Student: 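Okay, handing you the structure first.
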Amino acid sequence: MRRFYAPPENFRDKAVFLSVEETRHLRDVLRLREGETAQVFDGNGREFSCRIEKIEKSNTVLEILQEIAPTATASNLCLTLAAALLKGEKFDLVIQKAVELGVSKFIPVTTKRTDVKPKDSDKRPARWQKIALEAAKQCGRADLMKIAKPAGFEQLLSIAEGTKILFAEKDGDGFSKIQKDKKITAVVGPEGGWEDSEIEAAKNSGFQIVTFGGRILRAETAAISIAAILQHRFGDVS
């Protein structure tokens, strides 16, 4: 795909400048040449049709021809997905699919049963950002999903916004009981599930407990499914 990302500060007058990484992809992977056209988005929802003017070792200069509509428009639902940390590629998959499903913000969470060491999670934000960017380029989003720093469960309870939902395996309401809102924070637990004290703390913080009605899903499946269902019920997935 001839689609690249440049932050807003790289747009100047009628030109846009690509980074070293994007230049390498344009030149060495796609093998594009000067004079050819490409699309560049700014991560804030704007996208432009451009012509390649100059390809150098460390950057590429493109002439902005016109602003165009992104292939995937931003959802009308401001959905924050908070998911307990998982090992390796499982969590990478959740981040990738969250981008594709139009999640606005993603918060990695540590819980009492999280099976990921804190020192390991410190190394992963840069990888997550890269996965999110590549997913945005592939799926046509012009806005970048925000990825917050890993938060403890108690911290998450204090910063959650909008309608607040925590998904548990049992003793919760159905999806039909969720009130419509333009802003939703959805929390998904770890592979080992929630401890009773965490569910009680969530209730005391104004969270609604919701369940899948008897189905027990893997943690990564639950996170992806929940994002899809909420976008279908309250967002732009019809």
Side-chain angles (χ1 to χ4, degrees), residues 1-81 92-107 125-148 161-162 182-184 186 223-224 227-228 230-238:
M1 296 179 66
R2 298 184 173 192
R3 194 163 186 266
F4 303 91
Y5 164 70
E9 59 267 24
N10 284 22
F11 287 79
R12 303 169 194 170
D13 297 326
K14 294 292 184 180
V16 57
F17 299 79
L18 299 185
S19 66
V20 175
E21 292 78 12
E22 292 291 85
T23 292
R24 187 178 299 115
H25 185 68
L26 177 147
R27 181 190 61 227
D28 301 336
V29 179
L30 297 182
R31 298 185 181 278
L32 299 182
R33 297 291 180 261
E34 294 173 0
E36 294 190 86
T37 58
Q39 295 170 211
V40 183
F41 67 99
D42 68 355
N44 287 337
R46 303 183 70 187
E47 187 156 345
F48 303 86
S49 176
C50 304
R51 179 185 295 111
I52 302 169
E53 290 291 305
K54 184 184 296 185
I55 303 174
E56 299 181 336
K57 184 175 182 180
S58 59
N59 68 78
T60 298
V61 183
L62 300 95
E63 176 191 3
I64 298 174
L65 302 177
Q66 62 178 338
E67 184 169 357
I68 59 177
T71 303
T73 56
S75 174
N76 56 337
L77 171 65
C78 182
L79 175 59
T80 295
L81 180 63
D92 295 347
L93 177 67
V94 173
I95 289 176
Q96 181 189 67
K97 300 311 174 186
V99 173
E100 294 177 11
L101 289 166
V103 171
S104 303
K105 183 178 180 180
F106 190 95
I107 306 177
R127 175 178 174 80
W128 297 334
Q129 292 287 355
K130 183 176 180 180
I131 291 170
L133 174 58
E134 290 303 316
K137 288 166 66 175
Q138 288 293 325
C139 75
R141 280 183 67 167
D143 62 310
L144 291 179
M145 182 180 76
K146 298 178 177 63
I147 302 180
E161 298 179 323
K182 293 182 179 180
K183 184 178 290 187
I184 294 176
I224 296 167
L230 292 176
Q231 286 287 25
H232 174 65
R233 290 185 62 85
F234 309 113
D236 61 346
V237 177
S238 59

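Predicted model only: the values in this text are computed from it and were never measured. Each residue takes its place number in the sequence, starting with 1.
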Student: Give the minimum heavy-atom separation between L101 and A228, together with the two atoms involved.
Tutor: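 Closest approach of L101 to A228: CD1-N, 3.9 Å.
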Student: Suppose we screen for side-chain hydrogen bond (donor to acceptor under 3.5 Å, both in side chains). Which residues come up paired with D42, at least two apart in sequence or across chains?
Tutor: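 Per chain and number, D42 pairs via side-chain hydrogen bond (donor to acceptor under 3.5 Å, both in side chains) with no residue.
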Student: Run I224 and K97 through side chain to side chain contact (heavy atoms under 4.5 Å, CB included) and show every step you take.
Tutor: CA-CA 6 Å; I224 296 167; K97 300 311 174 186; 3.7 Å; yes
Student: May I ask you to test the V29-R24 pair for a side-chain heavy-atom distance under 4.5 Å?
Tutor: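 V29 vs R24: side chains apart.
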Student: Between E36 and R2, does any NZ, NE, NH1 or NH2 come within less than 4.0 Å of an OD or OE carboxylate oxygen?
Tutor: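 Counted as a salt bridge, because a side-chain N and a carboxylate O are separated by less than 4.0 Å.
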Student: Restricting to pairs with a member in residues 26-66, which pass ring pair (Phe, Tyr, Trp, His ring centres under 6.0 Å), not counting sequence neighbours?
Tutor: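 Sorted pair list: Y5-F41, F11-F48.
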Student: Return the CD1 to OG distance between I68 and S49, rounded to the nearest 0.5 Å.
Tutor: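 Answer rounded to 0.5 Å: 5.5 Å.
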Student: Taking side-chain hydrogen bond (donor to acceptor under 3.5 Å, both in side chains) as the criterion, tell me which of N59, D28, T60 meets it with T23.
Tutor: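 Between T23 and the candidates, side-chain hydrogen bond (donor to acceptor under 3.5 Å, both in side chains) is satisfied uniquely by T60.
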Student: Check this for me, if you would: do E21 and K130 make a salt bridge, where the nitrogen-to-carboxylate-oxygen distance has to be below 4.0 angstrom?
Tutor: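 Here E21 does not pair with K130 in a salt bridge, since their nearest N and O are not under 4.0 Å apart.
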Student: Are K182 and N76 close enough that some pair of their side-chain heavy atoms sits under 4.5 Å apart?
Tutor: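 No, too far: nothing below the 4.5 Å cut-off.
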Student: Does R141 reach the main-chain N or O of V99 with its side chain, forming a donor-acceptor pair under 3.5 Å?
Tutor: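 Confirmed, R141 side chain pairs with V99 backbone.
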Student: With a 4.5 Å cut-off on side-chain heavy atoms, are E47 and R3 touching?
Tutor: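 Yes - at least one pair of side-chain heavy atoms lies under 4.5 Å apart.
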Student: Flag the pair C50 / V16 as yes when at least one side-chain heavy-atom distance between them is below 4.5 Å, and no otherwise.
Tutor: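 The answer is yes, as the side chains (C-beta and beyond) meet within the 4.5 Å cut-off.
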Student: Quick one: does F106's side chain get under 4.5 Å of T80's, heavy atoms only?
Tutor: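 Answer no - side chains too far apart.
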Student: Looking at K137 and E134, is there a salt bridge between them, counting it only when a charged N and a carboxylate O are closer than 4.0 Å?
Tutor: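 Yes.
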Student: Evaluate L30 against H25 for side chain to side chain contact (heavy atoms under 4.5 Å, CB included), listing each step before the verdict.
Tutor: CA-CA 6 Å; L30 297 182; H25 185 68; 4.0 Å; yes
Student: Identify the heavy atoms of E9 and R12 that sit nearest to each other, and give their distance.
Tutor: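 What the structure gives for the nearest pair is O-NE, 3.7 Å.
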Student: Should I107 and L81 be marked as a side chain to side chain contact (heavy atoms under 4.5 Å, CB included) after you check the CA-CA gap, both sets of side-chain angles, and the distance that decides it?
Tutor: CA-CA 6 Å; I107 306 177; L81 180 63; over 6 Å; no
Student: Check the pair Q231, S75 against side chain to side chain contact (heavy atoms under 4.5 Å, CB included), reporting the backbone distance first and the verdict last.
Tutor: CA-CA 8 Å; Q231 286 287 25; S75 174; 2.8 Å; yes
Student: Specify the closest pair of heavy atoms between C139 and A72, including all atoms of both residues, with the distance to one decimal.
Tutor: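 Between these two residues, the closest heavy atoms are O-CB, 3.5 Å.
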Student: If you define the side chain from C-beta out and look only at heavy atoms, does anything of E53 sit under 4.5 Å from L62?
Tutor: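 No, side chains not in contact.
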Student: Going by the salt bridge (Lys or Arg N to Asp or Glu O under 4.0 Å) test, which pairs reach into residues 66-80, not counting sequence neighbours?
Tutor: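 Qualifying pairs: R46-E67.
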Student: Quick one: does I131's side chain get under 4.5 Å of Q129's, heavy atoms only?
Tutor: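 No; the side chains remain at least 4.5 Å from each other.
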Student: Less than 4.5 Å apart, any side-chain heavy atom of N44 and any of D143?
Tutor: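 The answer is no; the side chains never approach within 4.5 Å.
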